[in-house]
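Everything numeric in this text was worked out from a predicted model, so none of it was measured. Just so you know, ligand 1 is whichever comes first in the structure, and atom 1 is the first atom listed for that ligand.
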Amino acid sequence: MEGKLNSHSVDLVVEGRCYINGIISECAIAVDEGKIVAIGKPVNMPKADSRMSVNGKRIILPGMVDMHVHMRDLEEVHKEDWYSGSLSALAGGVTFVADMPNNKPYIDSLERLKLKLNIAKRKALIDFGFYVGYPSQLKELQEMKDFGILGIKIYPTDYNKGLERLAKSCEKLNIPIILHAEDPEIIEKQHFEAERKVENHHLLRPEKAEIIAIKNLLGLLSKFKTAIHFTHISSFEAASELINAKKRGELFTWDTCPHYFFLDHSLTLKLKGIAKTNPPLRSSMSARLLSNIVYHLLIDSISTDHAPHALEEKLRDNYDEIPSGFPGLEICLPLLMKLIIDEKFPLEVLELYSSKPAKILQIPKGSLLPGLDGDLVIYDYSIRWSIHGENFYSKAKYTPFEGMEVVGKPDTVIIRGEIAWEKGEDKVKQGFGKYVRPYRSSNSELKI
Ligand code: DOR
Ligand code: ZN
């Protein structure tokens, strides 16, 4: 694995116990000009301008990749901005985020993509990419692809806009489609079945809505040869539907979020609007079974759906006025590490939050491999701590995970060979974060 770099001095060599493909072993990683250039025995590493030795209860992980976040900003800086969102990501060992288009204003055109890029470029500390909403003009798709979009995000409100027409264009250009699966007609009908209060959120948006949407969307889109991804799958039933569809040979990928396998809807009794999210939290049985699916790695990715809102908004009394979603970036890795250290999850679960989403998105991140970006997390697992929203770096200082015990924290986060985060402090300037285009934006032949 070692590169032929013995005569040249590289920027950085980090040595210690490294996570590579489900195994932790003593090794060293050389980074030069932002890229990993060699991995191997410490004695075989090239000379380096800077050397770091990772010891004690610390391991070297790849930078985590979160394929579903809402960094807000634009007209919603009161909820989050690219700086506060970056801090939240760094605290959670995340070096790349894929940002959703439901901003104010909605990102559905090239012009708005450029507007968002200008802001993110100025403020981000971490690397990032964008999805775009259903385009206001399909003729802009080619330029959006050249711009480097990660895919088109389809919300339930887009289902009637002509998904086959969109899929046909996406197929031609090799642009992925990312789906929020919840059937709006079932949700509409359900409005008369239960009183509109947050404790009934899971009844007002039942599992059935997710399952029917999956069936309809697969029926509609699987004939197109464009990549399809179902995001934030909430229930065991829906997950089973997807696993069975894969067995039948259907091609797509899917993710779930930690809140769907750690938490359940009973939290809405205690935490009210704080626990409101779309799709809703499900039963404790569903969470346990979904956790088993993650355990067996029968899933393609884990994302957080980091969806910050102002606390006042989440504490509203009127069900319809409480926005859905909560922050997740800074706790996902510590939650996974807790299950890994307690031997309830295999180590490979880390791939679901690093190499797997990177592969789906087609970006050069998420693994300790020569040629990829030098994104490393030095994770200190010596401490157990309890999650408290008030300590978050996100502007959204609350969480339905309040009080839950987790294991460890990123001690140092390195992005493209630079120390971006150390002992709870950001070490790079705003604007350090780089816009990342997927491989497919410059090579239309490459498929997932
Ligand atoms: O809970 C959610 N929050 N679900 C979504 O689909 C959107 C998100 C948000 O933007 O707040
Ligand atoms: Zn979302």
So which heavy atom in the protein is nearest [atom], and how far is it from that ligand atom?
atom	result
atom 3 (N) of ligand 1	Ser324 O, 3.0 Å
atom 8 (C) of ligand 1	His70 NE2, 3.8 Å
atom 1 (O) of ligand 1	Asn278 N, 2.9 Å

Check contact between Lys276 and ligand 1, using heavy atoms of the residue and a distance below 4.0 angstrom.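 Flag not set, Lys276 not near ligand 1.
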With a 4.0 Å cut-off on heavy atoms, is Arg72 touching ligand 1? yes
Considering only NZ, NE, NH1 and NH2 on the basic side and carboxylate oxygens on the acidic side, decide whether Glu199 and Lys272 come within less than 4.0 Å.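 Looking at Glu199 and Lys272, the cut-off is met.
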Which ligand 1 atoms does [X] reach within 4.0 Å, using its non-hydrogen atoms?
X	value
His180	6 (O)
Asn102	7 (C), 9 (C), 10 (O)
His309	11 (O)
Gly325	1 (O), 3 (N)

Using a distance-only test with no angle check, is there a side-chain donor-acceptor pair under 3.5 angstrom linking [X] and [Y]?
X	Y	answer
Arg282	His202	no
Asp264	Ser283	no
Glu313	His78	yes
Asp73	Tyr83	no
His201	Asn278	yes
His70	Glu80	no

May I ask you to decide if the ring planes of Tyr435 and Phe128 are parallel, tilted or perpendicular, using 30° and 60° as cut-offs? tilted
Parallel under 30°, tilted from 30 to 60°, perpendicular over 60°: which one fits the rings of Phe401 and His259? perpendicular
Could you tell me which N, O or S atom of Asp305 is nearest to the Zn ion (ligand 2)?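 Result for Asp305 and the Zn ion (ligand 2): OD1.
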Any nitrogen or oxygen of Tyr155 lying under 3.5 Å from a nitrogen or oxygen in ligand 1? Just yes or no.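 Such a contact does not occur with ligand 1.
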Any N/O/S atom from His68 (main chain or side chain) under 2.8 Å of the Zn ion (ligand 2)? yes
Assess His232: does it contribute an N, O or S atom lying under 2.8 Å from the Zn ion (ligand 2)? no
